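The next block holds one structure in the form of structure tokens; read it before the comments.
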Amino acid sequence: MDVLIVGGGSMGTWFGSAVDASVAYTDIDPDAAADAAAATNGRVADLENEGRYDAVCLAVPMAHVGEAVAEYAPIAERVIIDVSGVMAAPVEAMNAHASEIERASLHPLFAPQRAPGTVAVVRESSGRTTERLLEDLTNAGNDLLETTVAEHDEAMETIQARTHAAVLAFALAAREVPDGFETPVYDGLEDLAKTVTGGTPHVYGEIQRTFAGADAVADAAAQIAEADGEEFERLYESIAERWHGDTTPGSVADGDWIADAADANQEGGDPE
């Protein structure tokens, strides 16, 4: 199977390494295409002379995936897929420009350097070629998570946009603390901050532009900051109930951890 991968970055390289196919790369940066080809035993595509490909995979930024579908759909013989990270835009474009061939949208829910992992999958119009590529991903150790366009994109508002915004807000607001003062909660957030800030800025920026999230985090932080006394306790309990279920004191299983947390705070400790 001949697969054209549009985008020689880390995600395109990951896809090329995960599928059992003859892969060719094209990228607006010729060096990126050459590097991806070298890393995966592939080649740099010669679009003028190679004609059509069995499959075309779009590994491009979310903001450009719709236009990339329109541009490359004519040279996809059997299937067109994307690994951009958003699903509404590429699927809409595929249905408009590639309605006669197989179509799928994939989102690896991990950074390529942490592969394998879970890959969210929308099979918009599946067939033999799509199934073969998905089987390759499974054989490479990945787990496929079947979803829908709406379910995926709505989930990403929390899983990516709001999560990243919350972690980055902590990283921005936190001050340096002396050694020895760390608590389990702080250590956990410190680790998350290091993970998020160890990525690529434009990728995180694109997620914030694509999925709503930061405003909700800002509103929530303001609500917490403005609450005091009984209002804060009611807010805390409503949050706890959402995450732990029934918070009525009486047993650990029923939420007695709230009383333990209050006792710890009174003694100057940390509930964790």
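As a basis for the values below, the full set of heavy atoms in this structure was taken, side chains included, without hydrogen atoms, waters or symmetry mates. Remember, it's a predicted structure, so these values are computed and weren't measured experimentally.
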Closest non-hydrogen atom pair between [X] and [Y], with its separation:
X: Val65; Y: Ala89; answer: CG1-CB, 4.2 Å
X: Ala165; Y: Ala214; answer: CB-CA, 3.8 Å
X: Ala193; Y: Ala171; answer: CB-CB, 3.9 Å

> Mind checking who shares a hydrophobic cluster with Met87, ILVMFWY linked at side-chain heavy-atom distances under 4.5 Å?
Replying inline: Val91, Val122, Val149

> Linking Ile, Leu, Val, Met, Phe, Trp and Tyr by side-chain heavy atoms under 4.5 Å, what else ends up with Val121?
Replying inline: Met1, Val3, Ile5, Met11, Trp14, Phe15, Val19, Val23, Tyr25, Val79, Ile81, Val83, Leu106, Phe110, Val119, Leu133, Leu134, Leu137, Leu144

> What distance do His244 atom NE2 and Glu237 atom CD have between them, rounded to the nearest 0.5 Å?
Replying inline: 12.5 Å

Within a reach of under 6.0 Å around [atom1] of [X], are more than 12 heavy atoms found that belong to other residues, nucleotides or ligands?
X: Gln113; atom1: CD; result: yes
X: Ile239; atom1: CD1; result: yes
X: Asn95; atom1: CG; result: yes
X: Glu100; atom1: CD; result: no

>> Between Ser125 and Glu102, is there a side-chain donor-acceptor contact under 3.5 Å, judged purely by atom types and distance?
In response: no

> Any side-chain donor paired with an acceptor under 3.5 Å for Glu206 and Thr210?
Replying inline: no

>> Between Glu131 and Arg123, does any side-chain N to carboxylate O distance fall below 4.0 Å?
In response: yes

>> I'd like to know if Glu50 and Arg43 make a salt bridge, using a cut-off of under 4.0 Å between side-chain N and carboxylate O.
In response: yes

> Are side-chain heavy atoms of Val44 and Thr26 found at a separation under 4.5 Å?
Replying inline: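 A side-chain contact is absent here, since even the closest heavy-atom pair is not under 4.5 Å.
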
>> Within the 4.5 Å heavy-atom criterion, are Asp46 and Glu48 side-chain neighbours or not?
In response: yes

> Residues two or more places apart in sequence or in another chain: which of them pass salt bridge (Lys or Arg N to Asp or Glu O under 4.0 Å) with Asp54?
Replying inline: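 For Asp54 the salt bridge (Lys or Arg N to Asp or Glu O under 4.0 Å) partners, ignoring immediate neighbours, are Arg78.
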
>> Is there a side-chain hydrogen bond (donor to acceptor under 3.5 Å, both in side chains) between Ser105 and Asp82? Walk through the geometry before answering.
In response: CA-CA 5 Å; Ser105 185; Asp82 83 285; 2.6 Å; yes

>> Could you check whether any side-chain N or O of Glu157 sits under 3.5 Å from a backbone N or O of Gly213, counting only pairs where one atom can act as donor and the other as acceptor?
In response: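 Checking the backbone N and O of Gly213 against the side chain of Glu157, no donor-acceptor pair under 3.5 Å is found.
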
